[in-house]
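Following: one structure in structure tokens, then a few remarks.
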Amino acid sequence: MPDSSLSARATRAVAEAVSGLPRQFWWLWTSTLINKLGAFVVTFLALYLTTDRGYSFSYAGLVASLFGLGSAIASVVAGVLADRIGRRPTLVAAQLGTALFTALLGFSDGQVTIAVVAFLVGFCNNATRPATSAIIADIVPAEDRVRAFALNYWAINIGFGLSAAVAGLIATHGYLTLFLLDALSTVVCAVVIFVRIPETRPAVPAAAPGAVQGRPAIGLAEVFQDGRFMAVVVLNLLLALVAQQGSTTLAVEMGRSGISSTQYGLVIGLNGLLIVVLQIPLTRWMEGRDRTALLVASALFIGWGFGLTALAGSSAWFYAFTVAVWTLGEILNAPTMMGLVAELSPAEARGRYQGVYSLSWSLASFLGPAAGGVLLERAGSGVTWGACAVLGTAAAGGYVLLGRRPGAALAKSAVVEAAPVPAPAPGAAPAAEPERAATGG
């Protein structure tokens with residue numbers, strides 16, 4: 001009887017978590033899941049370059065940094081394009097480009113060629129982020145956004161967890177298959193977006209102050225001058241620098257400690273598995289709780305979770321424990337932060353705001369692998385993972401300070417109430433009400 005009661009509660013919790021969201025959201029969710037089921041290359045790139053191709057740890061860090069540089073440039077470019085030409089064309093073009101260059105990377109030879117193609121993969125891959133986040137903010141009501149972002153993050157990690165575990169086995173028979181399957185899944189994802197998701201960009205009144213030919217009055221300069229928003233971005237950069245070590249420096253550390261590619265795939269796949277299991281119940285638990293407390297806790301879990309890696313030695317089980325600690329931080333951080341960013345973003349400039357927020361992750365993927373590789377090679381494990389703990393603690397302190405500022409958005413609960421919808425400006429088309437599905441799909 002207790003088991004059936006527990007099962008009924010779990011079923012009810014899942015039904016409540018997925019109900020009432022727009023049908024377009026679920027097509028976007030499906031495309032994300034398909035894409036991440038085949039997302040092998042980023043996770044295994046450092047291991048591929050060092051163990052399969054025989055390149056140095058420093059070169060692997062350099063390639064990962066060039067991947068991050070491409071991502072950083074794409075963050076701003078794609079954010080502007082999402083506002084100017086639309087979310088849908090930006091997203092489809094980015095996915096097709098990712099598929100093309102991922103396949104080419106599998107056939108590339110020579111250090112310069114690999115580095116250039118990795119840069120292009122990073123550019124196209126990250127160009128999807130601002131458009132995807134803007135679509136969710138466009139079509140999901142404010143009171144449901146944290147839940148929607150949590151579900152999207154859930155899809156990412158369902159795919160990531162399965163792909164990481166399977167990819168470790170596939171890699172033992174050759175890495176080229178990983179590159180080609182990754183490219184194929186991205187093409188399928190682009191097709192789903194093109195066929196099933198309409199353009200969601202809000203209409204900008206031509207008569208709006210500062211608007212030129214229907215373009216938003218808010219430009220990139222105004223985004224960077226938004227002090228409250230940029231403080232959030234800088235703190236996220238600190239955490240992102242730590243999180244980036246999970247797919248680069250951690251792989252190198254485990255490889256040189258004698259951990260096999262199969263073991264690495266299973267250990268890192270635990271990250272996705274835990275998110276799949278815990279994301280929905282923890283998101284429900286987070287509803288109405290203090291946003292500052294959630295972000296402080298997430299920063300400490302992420303920073304010190306990676307910090308504990310210094311004690312892992314050659315134990316795959318201890319590595320798995322550290323992954324579990326920083327994964328809990330990710331679960332708390334991701335939907336809370338994405339909901340905050342959407343709340344701080346004006347509707348007519350969501351692409352730009354999402355692009356600048358994504359820039360913090362891109363800069364981390366550019367700076368993090370290089371810094372981690374150099375520290376690991378020259379200063380050793382203790383300094384490398386100790387630095388992660390320091391950055392996580394610093395980010396937690398920053399969230400505390402921001403939360404104490406009078407009127408700061410950070411001080412609100414993790415789930416915001418729906419704001420009243422303003423009347424449309426004269427001559428503006430009325431905002432389309434998101435199509436709702438009776439159930440999750």
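Residue pairs that meet the side chain to side chain donor-acceptor pair (under 3.5 Å) test with at least one member in residues 96-122, sequence neighbours left out, are R53-D109.
When atom types are taken as modelled, the side chain of T128 and the backbone of C124 share no donor-acceptor pair closer than 3.5 angstrom. For S133 (side chain) and P130 (main-chain N/O), no donor-acceptor pair under 3.5 Å exists by modelled atom type. One N or O on the side chain of R87 and one on the backbone of A82 form a donor-acceptor pair closer than 3.5 Å. Between the R88 side chain and the F194 main chain, a donor and an acceptor come within less than 3.5 Å of each other. No donor-acceptor distance shorter than 3.5 angstrom exists from the side chain of S358 to the backbone of G355, with no hydrogens or angles considered. Side chain of E330 to main chain of W326: no donor-acceptor pair is present (N/O by atom type, distance under 3.5 Å, no hydrogens or angles). Judged by distance alone, the side chain of N126 and the main-chain N or O of A74 form no donor-acceptor pair under 3.5 Å. R129 places no side-chain N or O within donor-acceptor distance of the main-chain N or O of S75, the cut-off being under 3.5 Å. Between the S71 side chain and the G122 main chain, a donor and an acceptor come within less than 3.5 Å of each other. R145 contributes no side-chain N or O that, together with a main-chain N or O of I136, makes up a donor-acceptor pair within less than 3.5 Å.
Between W154 and W29, the two ring planes are tilted [angle within 30° to 60°]. Taking the six-membered ring for Trp and thresholds of 30 and 60 degrees, Y48 and Y175 have ring planes inclined between 30 and 60 degrees apart.
Heavy-atom minimum distance, I34 versus C189: CG2-N, 4.4 Å. Of all non-hydrogen atoms in L49 and A60, the two that sit nearest each other are CD1-CA, 4.1 Å. The two residues Y59 and G110 come nearest to each other via the heavy atoms OH-O, 4.3 Å.
No side-chain heavy atom of V234 sits less than 4.5 Å from a side-chain heavy atom of S360.
Defined by atom type and a distance below 3.5 Å, a donor-acceptor pair is present between the side-chain atoms of T393 and W304.
More than 12 heavy-atom neighbours from other residues, nucleotides or ligands sit within 6.0 angstrom of CZ on F318.
Taking CD1 from I193 and CD from Q95, the interatomic distance works out to 5.5 Å, rounded to the nearest 0.5 Å.
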